[in-house]
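Okay, so here's the structure we're looking at.
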Amino acid sequence: MINLTNIFIPLLSPVISIILFLGLFFIGKIFLRFLNLDSIIKQVSNPLFQYPLVGSIFLTFLLFPLVIFNLFDNFILLKTISIILLISGLFFLIKNFPQKNYTYFKKRNLNTEIILFVLFFLGYFLLSLGPITNADSLDYHIGVPLNIVNTGEYPAFKFWIHFNKSGSGEILNTLGLFLKAEQFPSLIQYSGILSIGGLLLKKINKQKNFSVFLLIFLSCPVLIFLISSAKVQLNFVASSCLIFSLVFFGNKKNLTNFNFLLFLNIFLMSAVNAKFSFALSSFLIWTYIFYFCLKYKNLKSFIFSTALVFIFTLLPRIIWRMDVYELDIIQSLLSPIPTNIYGYKQLYDSVASCGYHGCLPYWLVFPKSLNEITEALGFGSLIILFISLNKKNFPYLPISLFLIQIILSKIFGQNNARWFLEPMIWGTLIVKYYRPRESFIFKIYSKVIILQSIVILGIIYYGVVTISIGSLSFELRDKVMTKTANGYNLFKWSNSKLKPDDVVISTHRSFALSNTKTIPGDLFNYIEISSPKAINHYNEIKNLKPTHILFYDNKKNYNKFEKCLGKLLFFKIDAGKISSRNPFNRNQKTYPGFIYEFDYKKLPYCLIDKSAN
């Protein structure tokens with residue numbers, strides 16, 4: 001059974017991950033050449049910065065519909081693709097290694113800004129090479145790929161509530177696991193940094209102050225959170241920004257090119273397949289493209305390209321969700337969470353409420369506390385205030401899209417800064433292309449961005465020293481995971497007690513750290529456990545034949561499980577401890593771990609209160 005413990009090979013895992021990442025360069029380059037779009041990409045960026053992003057989007061576009069319906073043997077299909085990607089990476093490395101093309105970093109151009117650029121790009125790259133420690137990543141972002149690798153099937157469980165938040169991006173994460181490339185998911189996110197960096201590095205009419213715009217992005221604190229995880233958000237934020245740039249800052253004649261229209265639709269719809277939260281920005285950008293195509297009398301080609309891509313991307317997802325979650329076609333298309341199924345309404349309420357971040361969005365600029373410093377956008381979120389107010393050259397259309405996205409995100413989106421990363425970068429691009437108002441205040445603002453950059457660089461390299469070194473040896477990995485991965489000590493203990501053929505229900509969310517077949521127990525946080533409404537969930541769990549259940553700390557909900565339990569097999573007073581990637585969140589508190597026998601044959605009625613019928 002493949003798991004996060006046995007896929008790790010010191011030094012070799014990050015090397016394989018890097019080669020796979022170079023494979024994305026090769027795939028992206030081939031895809032753009034095939035569509036003959038290199039010249040169009042050059043209008044907004046050096047294509048080299050876009051190749052890995054394009055390669056990753058193309059693979060998700062190609063693989064997702066094949067994998068979710070298990071049309072082929074997923075194990076053979078994905079392992080074959082991962083090997084092809086590895087060979088492509090080696091070919092790209094051999095072909096390009098002798099070349100010395102340092103366009104932006106020639107010695108004669110070295111200055112403070114260029115040095116900061118190099119430090120940022122290098123720092124984020126090194127940070128992405130660390131072991132996976134993020135809580136969401138150790139739940140469904142890696143849990144889904146591990147399920148595919150070990151069973152050969154895309155999961156379709158209703159009881160696994162957090163699984164609903166996964167999408168096509170997890171297919172990319174799966175490719176790395178086949179070749180023991182644990183760091184590949186984080187490097188996929190790094191492709192997003194390269195892509196957006198390429199957009200902001202593009203000089204416009206010998207623009208002198210372009211560097212501040214790149215620093216606004218690179219010094220955004222939330223990037224640290226995203227780049228050091230297996231989340232699939234950053235590269236799809238980048239795809240949105242690439243399309244935004246091409247539509248508003250590229251040549252409008254591009255919209256008469258059918259291949260370009262296909263490219264736009266592939267990027268927009270693939271983002272929705274990756275994470276439903278991108279449906280808003282994708283739809284808004286799509287409506288503006290619709291307007292431009294109508295204006296330039298190419299609407300038929302655009303509608304046809306939309307229908308073509310829709311059939312291969314969104315339609316399979318709609319059909320799959322209708323089948324698994326018992327939705328009608330409208331619900332499947334428009335509803336991010338299947339609230340018709342018991343437990344999912346509670347999930348929806350938890351992500352749609354203001355939560356503990358609060359409804360007042362001060363957290364866009366300032367973190368709530370030092371514990372959450374990497375969950376803010378920083379001072380870059382204020383850049384739109386410096387847009388030139390020249391009426392003759394005011395960017396009404398991109399500004400209107402920016403404002404609509406902000407307003408609708410605030411109304412319908414989650415109350416955290418990551419939801420607003422897209423419009424922040426859009427705003428940065430708008431001000432860059434239409435020039436900021438040159439003023440004393442803007443000069444002060446630029447100095448503040450440089451100061452922010454220095455602070456964020458310090459945090460990045462602290463992460464490199466304390467987290468990325470975990471990829472160098474087994475001993476360093478153990479130390480890093482103990483300090484930074486919540487649940488690592490608990491599962492290290494449970495792994496030492498359970499047999500390979502045991503099946504355990506985990507009440508801790510970081511179940512990807514388990515070495516045995518593990519059933520995620522997130523369901524129990526969203527339902528009344530004794531409710532008869534949960535009977536279908538319990539029957540699904542029963543079919544998986546769990547033999548044990550893992551509790552920790554205060555044994556939350558233990559009393560509701562007692563009728564299903566056998567004897568206490570293993571107990572340790574300090575099985576786990578509070579771990580975090582943020583040093584301000586760590587403490588020395590330990591908590592106990594409990595492993596009980598679980599009699600799955602008694603399900604569902606050992607949990608359901610019959611008197612509630």
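Between atom CG of residue Asp574 and atom NZ of residue Lys572 there is a gap of 5.0 Å, rounded to the nearest 0.5 Å. For the atom pair CG (Leu85) and CG (Leu59), the distance works out to 6.0 Å, reported to the nearest 0.5 Å. Separating the CD1 atom in Ile57 from the CG atom in Asn235 is a distance of 5.5 Å, to the nearest 0.5 Å. Considering CD1 of Ile142 and CG of Leu177, their distance stands at 5.5 Å, rounded to 0.5 Å. With rounding to the nearest 0.5 Å, the separation of CD in Glu170 from NZ in Lys231 is 9.5 Å. Atom CG of residue Asn265 and atom CZ of residue Phe312 lie 14.5 Å apart, to the nearest 0.5 angstrom.
Looking at Leu226 and Gln189, their side chains never come closer than 4.5 Å, going by heavy atoms from C-beta outward. With contacts defined as side-chain heavy-atom distances shorter than 4.5 Å, the pair Leu138/Arg509 does not qualify. Between Leu347 and Asp522 there is no side-chain heavy-atom pair separated by less than 4.5 Å. In this structure the side chain of Leu20 never reaches within 4.5 angstrom of the side chain of Leu187, judged on heavy atoms. The shortest distance between side-chain heavy atoms of Ile505 and Tyr596 does not fall below 4.5 Å. A heavy-atom distance below 4.5 Å is found between the side chains of Asn164 and Tyr325. Between Ile7 and Ser13 the shortest side-chain heavy-atom distance does not fall below 4.5 Å. Residues Phe263 and Ile41 are in side-chain contact: their nearest non-hydrogen atoms beyond the backbone lie under 4.5 Å apart.
At distances below 3.5 Å, not a single donor-acceptor pair connects side-chain atoms of Asn173 with backbone N or O atoms of Val232. For the pair Ser270 (side chain) and Phe267 (backbone), a donor-acceptor distance under 3.5 Å is absent. Side chain of Thr133 to backbone of Ala485: no donor-acceptor contact under 3.5 angstrom is found. Using a distance-only test at 3.5 Å, with no hydrogens or angles considered, no donor-acceptor pair links the side chain of Asn273 to the main chain of Phe64. Side-chain N or O atoms of Tyr461 include one that pairs as donor or acceptor with a backbone N or O of Leu119 at under 3.5 Å. No donor-acceptor pair closer than 3.5 Å links the side chain of Ser282 to the backbone N or O of Ala279. Under the 3.5 Å distance criterion, the side-chain polar atoms of Asp139 are left unmatched by any main-chain donor or acceptor of Ala135. Between the side chain of Glu182 and the backbone N or O of Ile132 there is at least one donor-acceptor pair closer than 3.5 Å. Looking at Thr518, its side chain never comes within 3.5 Å of a backbone N or O of Val504 through a donor-acceptor pair. Panel note: side chain Ser195, backbone Ser191; no donor-acceptor pair is recorded below 3.5 Å.
Ring geometry for Phe25 against Phe21 counts as perpendicular: the plane angle is over 60°, on a 0 to 90° scale with 30° as the lower cut. Aromatic ring orientation, Phe121 versus Phe49: tilted (interplanar angle from 30° to 60°). Taking the six-membered ring for Trp and thresholds of 30 and 60 degrees, His162 and Tyr526 have ring planes more than 60 degrees apart, a perpendicular arrangement.
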Worked verdict on Lys517 versus Asp501 for salt bridge (Lys or Arg N to Asp or Glu O under 4.0 Å): CA-CA 7 Å; Lys517 184 177 180 180; Asp501 57 346; over 6 Å; no

Derivation and outcome, salt bridge (Lys or Arg N to Asp or Glu O under 4.0 Å), residues Asp136 and Lys165: CA-CA 10 Å; Asp136 279 350; Lys165 298 193 286 185; 5.2 Å; no

Stepwise ring-ring contact (aromatic ring centres under 6.0 Å, His included) test for Tyr140 and Phe163: CA-CA 6 Å; Tyr140 57 95; Phe163 165 67; 8.9 Å; no

Worked check of side chain to side chain contact (heavy atoms under 4.5 Å, CB included) between Ile467 and Tyr462: CA-CA 8 Å; Ile467 297 178; Tyr462 173 82; over 6 Å; no

Intermediate values then yes/no, ring-ring contact (aromatic ring centres under 6.0 Å, His included), Tyr124 and Tyr190: CA-CA 7 Å; Tyr124 282 126; Tyr190 185 69; 7.5 Å; no

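Lys29 forms no cation-pi arrangement with Phe92, by the criterion of a distance under 6.0 Å to the ring centre and an angle within 45° of the ring axis. For the pair Arg418 and Phe225, the cation-pi test (distance below 6.0 Å, angle within 45°) is failed.
For NZ of Lys555, the number of neighbouring non-hydrogen atoms (other residues, nucleotides, ligands) closer than 6.0 Å is greater than 12. For Phe72, the CZ atom sits in a loose shell: 12 or fewer heavy atoms of surrounding residues, nucleotides or ligands are nearer than 6.0 Å. Heavy atoms from other residues, nucleotides or ligands lying under 6.0 Å from NZ of Lys545 number 12 at most.
Asn489 and Tyr591 share no donor-acceptor pair across their side chains, judged by distance under 3.5 Å alone.
Here the shortest heavy-atom pairing between Pro336 and Arg321 reads O-NH2, 3.4 Å. Among all heavy-atom pairs drawn from Asn486 and His508, the shortest one is O-CE1, 3.5 Å. Between Leu175 and Ser82, the shortest heavy-atom distance links the atoms O-CB, 3.4 Å.
In this structure, the ring of Phe511 has its center less than 6.0 angstrom from the ring center of Trp160.
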